Amino acid sequence: MPQLSVIVYGPNAQGHLTELLDSLEARPLPDAEVIVAAIGDWARETAEGHAPETVVVPLPEGTGDAAARAAGAARATGRWLHFVHAKDSLPAGAPRLIAERTAELDATDGAEADVLVFDHVTTTWQTAAGPSRDGRFLAAVGRDSLPLDESADLLRLTPLLGNRALRAGFWRAHEERLTTDDEAHAAHAALLHAGRVACLNQVAYENRELRPESLPPLAPEDRFALIDRYESLLALAKDRRAARAVLYDLMMRDLVRTFAGENLPDAVAREFFRRASLAAVRWRPANHERPAGVEGVRHALLEEGAYTKYRAFQAANRTRRAAKKAVRTRKKQVGAKLRDQQYHRALSRPVNPNLAVFDAYWERGVACNPAAIAAKLTELAPHIHQVWTVSKQNAALLPPGTDHVIPGTRRYWETLATAKYLTSNVNFPNAVVKRPDAIHLQTHHGTPLKRMGLDQKEHPAAAKGLDFKALLSRIDKWDYSISANSHSTRMWERAYPARYTSLDYGYPRNDVFYTSDAASVRAARARLGIPPGKTAVLYAPTHRDYEAGFTPRLDLAAFADRLGEDTVLLVRAHYFYGGAASPLTGLRRSGRIIDVSSYDPVEELCLAADALVTDYSSIMFDYANLDRPIVVYADDWETYRTTRGVYFDLTAEHPGQVARTQEELTEIFASGAWRDESAAKARAAFRRRFCEYDDGRAAERVVRRVFLGEPEESLPPVIPLEERTPAPTPEEASA
């Protein structure tokens, strides 16, 4: 019996079935079967072209989606069923992710989960692989399987059958109730009938929205079906207060949006409003509070059935919004014009040869390569005055005495206009003019594994609407670009093609890995509260462009438990499990897990850690300078590589050991493989390639060349890798 049955159903809409089956055939999964419930001759012929890998269930033209799903499920032998529409797609590795997660659920003692929900991306006729907003709901539940009454917000997930897998026994028990051509109804009904629901906060489905103009027009009955769907679901949830409240909110949202956004004929609009009003009153929960503001007024008028008043309110609201927008636009225009005048007046002044502006991470504060350069500049050229750009909310976090400017202020623009040196690890605003006698220094903030700059054109989910023309205008202002290795130099020149000079000097922020002594290492561990004699493992995953928010991809409590009492887990993330109910509360109190998400500088975390666990974060390239163990946890490598794009295969050119599952990761540490000879050999090759120029003197080279104008041949040469001595390990520092 396979773990998972992937049931593909539907007609070969616009030829997408071919792509889907090709992708499944390219990555066969031993513990999964593929069944195609093919509607029509084209779908049948396409599916039969992939036999014997697929089981084909031919169905006549015009068969509904519900009947196709039922026919496919009848042939399925898997423990779990995943229904995939023929127009949609599966990210690389998705069946494996689902099969592994469902196998975990099957192995769990106690109540079984009936439904597994997971994240998805959406592709349209205009865009590719856009992230959903479902991640925050999946993250809130975590990895527990819960009754829907304890996780009713899961009803807010995009109602697709493709973003959930159903236990085969559950499907058979409720097939009649779930067999409907209304996919959203079936998706919600599956949750309402489930005993328990489990989550996988990873992308395992790609929903494709076809262009509406390519589909048959909607009939009036199709509009009214929305009301019927919610009334049916609310009846199903009538005795479940939390679920009913969520469904009512969703219904009111969708009814108002449909009425406001669809260009309905007047007769259809009036009938839709009448039916929607009756449903709004009939199903309103006791003590339900309407939302505040304009949305609350809409709900009240809908419940009142006041069609004429609602239309008048819509018209008045449109007029009011237009007037407010005009006022805001005018204010912005006036303010922008004033700032533009001030900036251009400042541009007429001479450049100040002793003024340097620094920026890091979009006005976050003193950090990264700019901070290391600024510190060395203070030492070698104290006559150059330094000014940092920092956001208003971060200004209070600056080191005492740091001169700074707030973006948008008059002094901000005057400083940018007259500074000789502008240094950033990102980019200054588009409006900044490149003066001929000013020097723009781009430091970057990592070694590129993921695609950057112009290379993101092929990955729109990662680019997120990036204006490539504006990007080219920004990079044309660069005079210098810093690299830590020749790989970076080549990739920067490819992703950011312009006439700047590449400085193959190393990353200044990494100097500390060669200049720190045993006392510095001990002090860093003491500041973090790491008890003497404990092994500290730093877990630092990167951001996923296809996820709504960050959730640890590990069961941190279980991982910390398996690491043992003598190991402390440092977790650096965008955000962390919070609140008194956190499953990690006890571990935090014991000191075995330390949340370092907001700890700066990150270089201190590296100095304090005996080993690093990461996925695709550029921290691995920096940490490799310390010549300490690195383990890559690449559980979603195929999905990440596809959605973000990468410059090389990390699973083949890795800095140590690679784990694809939590079990593998745990075994790497339990067996000692994390620091064995093969890991050291892989790390040595990785260091030769990516720690090429980092030797502890990068900042000095940058300051002498860029700020002091010294010739290249007079700069300190890069010390060969075999002659460098990294900071002592924590074990060496405590000896």
Side-chain angles (χ1 to χ4, degrees), residues 325-370 373-374 384-395 398 402-445 452-454 456-457 463-482 492 495-501 706-707:
K325 182 178 179 181
V327 171
R328 287 196 302 269
T329 301
R330 181 59 181 160
K331 285 183 177 179
K332 287 181 180 179
Q333 289 172 342
V334 171
K337 187 175 182 180
L338 178 61
R339 287 192 297 272
D340 190 57
Q341 290 172 347
Q342 293 169 343
Y343 180 52
H344 282 85
R345 279 199 299 270
L347 286 171
S348 65
R349 303 176 195 166
V351 165
N352 184 343
N354 294 322
L355 179 59
V357 176
F358 289 89
D359 173 72
Y361 299 114
W362 301 275
E363 297 94 32
R364 195 175 81 183
V366 180
C368 193
N369 289 316
I373 294 169
I384 297 179
H385 182 67
Q386 302 175 22
V387 179
W388 282 82
T389 66
V390 64
S391 64
K392 185 180 293 185
Q393 59 267 35
N394 286 335
L398 289 172
T402 303
D403 193 6
H404 64 280
V405 289
I406 306 297
T409 61
R410 179 171 183 169
R411 186 177 177 232
Y412 171 83
W413 288 109
E414 289 177 344
T415 303
L416 289 177
T418 57
K420 170 76 172 179
Y421 308 98
L422 289 87
T423 299
S424 178
N425 69 353
V426 282
N427 264 305
F428 287 100
N430 293 338
V432 171
V433 174
K434 174 62 168 69
R435 301 185 66 169
D437 43 356
I439 295 174
H440 287 230
L441 171 62
Q442 171 58 246
T443 75
H444 305 283
H445 52 274
M452 302 292 290
L454 296 187
Q456 294 181 80
K457 280 187 174 182
K464 292 183 171 64
L466 177 63
D467 184 336
F468 291 101
K469 183 177 180 180
L471 173 66
L472 288 171
S473 177
R474 291 193 293 271
I475 66 177
D476 283 342
K477 300 169 188 174
W478 299 356
D479 292 288
Y480 298 103
S481 167
I482 297 177
W492 296 150
Y496 305 118
R499 293 193 179 95
Y500 54 81
T501 298
V706 176
F707 294 85

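Note that the structure is a prediction, hence the values are computed from the model and not measured. Index from 1, following the sequence.
Checking side-chain atoms of Q442 against main-chain N and O of V426 turns up a donor-acceptor pair under 3.5 Å. The backbone N or O of A374 lies less than 3.5 Å from a partner atom in the side chain of Q386, making a donor-acceptor pair. Of the possible polar contacts, one joining the N394 side chain to the R364 backbone as a donor-acceptor pair under 3.5 Å is found.
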Quick one, K420 with N352, criterion side chain to side chain contact (heavy atoms under 4.5 Å, CB included). Give me CA distance, side-chain angles, the key distance, then yes/no.
CA-CA 6 Å; K420 170 76 172 179; N352 184 343; 5.9 Å; no
Applying side chain to side chain contact (heavy atoms under 4.5 Å, CB included) to Y361 and C368, what does each step give before you reach the verdict?
CA-CA 8 Å; Y361 299 114; C368 193; 3.5 Å; yes
I would like to know whether W388 and V366 meet side chain to side chain contact (heavy atoms under 4.5 Å, CB included); could you show each step before the answer?
CA-CA 7 Å; W388 282 82; V366 180; 3.8 Å; yes
Could you check T423 against V706 for side chain to side chain contact (heavy atoms under 4.5 Å, CB included), going step by step and ending with a plain yes or no?
CA-CA 10 Å; T423 299; V706 176; over 6 Å; no
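Note that the CZ atom of F428 and the CG atom of L416 stand 6.0 Å from one another [nearest 0.5 Å]. Note that CD of E363 and CD of Q393 are 9.5 Å apart. Values are rounded to the nearest 0.5 Å. To the nearest 0.5 Å, the span separating CG on L466 from CE on M452 amounts to 10.0 Å. Expressed to the nearest 0.5 Å, how far CZ of R435 lies from NZ of K477 amounts to 13.5 Å.
Here the side chains of L441 and Y421 are not in contact, with every heavy-atom distance at 4.5 Å or above. By the 4.5 Å heavy-atom criterion applied to side chains, D467 and N430 are not counted as neighbours. Between D340 and W413 the shortest side-chain heavy-atom distance does not fall below 4.5 Å. Side-chain contact check for K434 versus D476: every heavy-atom pair is 4.5 Å or farther apart. By the 4.5 Å heavy-atom criterion applied to side chains, L472 and L454 are counted as neighbours. You'll find the side chain of H385 reaches within 4.5 Å of the side chain of L355, heavy atoms only. In this structure the side chain of I482 never reaches within 4.5 angstrom of the side chain of N369, judged on heavy atoms.
Aromatic ring pairs are classed by plane angle as parallel below 30°, tilted from 30° to 60° and perpendicular above 60°; the pair F358 and F707 is parallel.
Between Y343 and V433, the closest heavy-atom pair is OH-N, 2.8 Å. The nearest pair of heavy atoms linking S424 to P370 is C-CG, 4.2 Å. Closest approach of I406 and Y412 over heavy atoms only: O-CB, 3.2 Å. Between H445 and N425, the closest heavy-atom pair is ND1-O, 2.9 Å. The minimum heavy-atom distance linking A417 with L347 is given by the pair CB-CD2, 3.7 Å. Listed here is the closest heavy atom pair of H440 and V432: CE1-CG1, 4.1 Å.
Annotation: Y500 is not in aromatic contact with W492 [ring centroid separation under 6.0 Å not met].
When only modelled atom types and interatomic distance are considered, W478 and N427 share a side-chain donor-acceptor pair under 3.5 Å.
With sequence neighbours excluded, the residues that form a salt bridge (charged side-chain N to carboxylate O under 4.0 Å, His left out) with R411 are D403.
Figure legend: cation-pi geometry between K457 and F468, with NZ or CZ positioned under 6.0 Å from the six-membered ring centre and within 45° of its axis.
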